[in-house]
Protein chains: 2
Amino acid sequence: MSLRIALLGLLTAYGSASGYDLTKGFEKSVAHVWQAGHSQIYPELAKMTADGLVTVEAEGARGRKIYSITSEGRAELRAWLIGHDPTGPARSEVALQAFLLPLLEHREALDVLERLKTHAERKLAELEALWAAKHASPVPEGASGVRFGDLALDLGIRQSRTTVQWTNDAIAQLERQA
Amino acid sequence: MSLRIALLGLLTAYGSASGYDLTKGFEKSVAHVWQAGHSQIYPELAKMTADGLVTVEAEGARGRKIYSITSEGRAELRAWLIGHDPTGPARSEVALQAFLLPLLEHREALDVLERLKTHAERKLAELEALWAAKHASPVPEGASGVRFGDLALDLGIRQSRTTVQWTNDAIAQLERQA
DNA sequence: GATTGACATGTCAGCACCTACATGTCACCT
DNA sequence: AGGTGACATGTAGGTGCTGACATGTCAATC
């Protein structure tokens, strides 16, 4: 269901776009929030067309199909944003590793934490670079006066920072026990 | 793949357990880290038995099958913990809502944020209660001197706190624009 | 003796998702 | 003319996961 929403959202932001454009959009703008490859996107667009949420506005060169959102699609998007409780299933590989860490010897556990730290730092750096890039060039504002994706990016950065801090504290805690 | 790991981990912590026990284990101890229902667990245990990672040690009353981990299973678990890079796909409904929030009117956006805040606070309270409960009764320690699941729970609590803070700041930011 | 509810295991249909396969267009460079 | 590489859309097979269906045991209560 959320893939539909992400597509409708991007389509609203873009005005109109092809499946290819949307795939690219997933690779850059929404990547840290939701992921999908073209093999998932194309069939979904077909289904959404059948459901009347989007329409093929025109067909361009190279078989390019240009989609745009319908009023039904806008309604669906709005309803989800306003009414959907975020109850996505909890599945975090990092948290699972953290959970099982006591199974390892002291030394090994420290190594794993060190690796998690590096990972988290890399992700944080990525997101901060994205932030900097976004704020270098102007980006359209939405109806609520906030720039597109800024809130999500801020959340991602905070979460990454929290994870880095956690690895630091966890490492310190383990070392105290040595 | 990670389901296997979670099952092997729980089995190690428990010593031995039935599919039913493990299902219960998923409901309480690992729930905030990884989710799985019995309809996923039973077939997976069968496959793992075929792969030699676990064995049916005994059969108890009511058709109860008691599983225990094999040395192969222990090796697999260890290899994953030590060698696996946490590259789980980024899919967060909260982040997606945050991303698309500018599509809404100012008032509506605030309502959504308020709801997200309530949600995050509820989750935080849950995890903190879990923490308190765990620390009231003794829990076995692992090889590294850390209690089972404590690190993951700490991470979860921090993440929840971060989310709550983010909602607060986002609300404040939106209100400043009114 | 019958019902209820926790214990206990399984299957199946269907959706979500991923990797790899498959096909073709067009612009640009050599 | 041929090759490369971005553009562009699709399909197919396989796994992960969910919700619903299906079945049966055992203990306790009424």
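Just so it is clear: chains get the letters A, B, ... in the order the sequence lines come, proteins before strands, and each one is counted from 1. Keep in mind that the numbers below use all heavy atoms, side chains included, and drop hydrogens, waters and symmetry copies.
Within residues 15-25 of chain B, the residues approached by DNA chain C to less than 4.0 Å at the level of any non-hydrogen atom are B:S18, B:G19, B:Y20, in residue-number order. Residues from residues 34-58 of chain A that place a heavy atom under 4.0 Å from any atom of DNA chain D, listed by number: A:H38, A:S39, A:Y42.
B:L151 is connected to A:I171 through a chain of hydrophobic side-chain contacts under 4.5 Å among Ile, Leu, Val, Met, Phe, Trp and Tyr, so both are in one cluster. Under the 4.5 Å side-chain heavy-atom criterion for Ile, Leu, Val, Met, Phe, Trp and Tyr, B:F148 and B:L127 are members of distinct hydrophobic clusters.
In this structure, the separation between CG on B:L22 and CD on B:E27 is 11.5 Å, given to the nearest 0.5 Å.
Applying the salt bridge (Lys or Arg N to Asp or Glu O under 4.0 Å) test to pairs two or more places apart or on separate chains, those with a residue in residues 167-178 of chain B are A:R158-B:D169.
Residue contacts for A:R91: at a heavy-atom cut-off of 4.0 Å it reaches the sugar-phosphate backbone alone, with no base atom in range.
Inter-residue side-chain proximity for A:L77 and A:I5 is flagged as met; some heavy-atom pair is nearer than 4.5 Å. Using a 4.5 Å heavy-atom threshold, the side chains of B:R161 and B:I157 count as touching. By the 4.5 Å heavy-atom criterion applied to side chains, B:Y67 and B:L53 are not counted as neighbours.
Each of B:P89 and B:K65 has a nearest nucleotide on DNA chain C; the 5'-most of these lies closest to B:K65.
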Validation: residues 83-101 of chain A side-chain donor-acceptor distances under 3.5 Å, sequence neighbours left out:
unit_1 : atom_1 : unit_2 : atom_2 : d
A:H84  : NE2    : B:E93  : OE1    : 2.6
A:D85  : OD1    : B:R115 : NH1    : 3.3
A:D85  : OD1    : B:H119 : NE2    : 3.3
A:T87  : OG1    : A:D85  : O      : 3.0
A:R91  : NE     : B:Q35  : O      : 3.3
A:R91  : NH2    : B:Q35  : O      : 2.8
A:S92  : OG     : A:V94  : N      : 3.4
A:S92  : OG     : A:A95  : N      : 2.9
A:E93  : OE1    : B:H84  : NE2    : 2.6
A:E93  : OE1    : B:T87  : N      : 3.4
A:Q97  : NE2    : B:H84  : O      : 3.0

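Counting heavy atoms of neighbouring residues, nucleotides and ligands inside a 6.0 Å radius, atom CD of A:Q165 does not exceed 12 of them.
Scanning DNA chain D 5' to 3' for nucleotides with an atom closer than 4.0 angstrom to a non-hydrogen atom of chain B gives a first and last hit of D:dG16 to D:dC26.
In this structure, B:Y20 shares a hydrophobic cluster with B:Y42, the cluster being traced through Ile, Leu, Val, Met, Phe, Trp and Tyr side chains under 4.5 angstrom apart.
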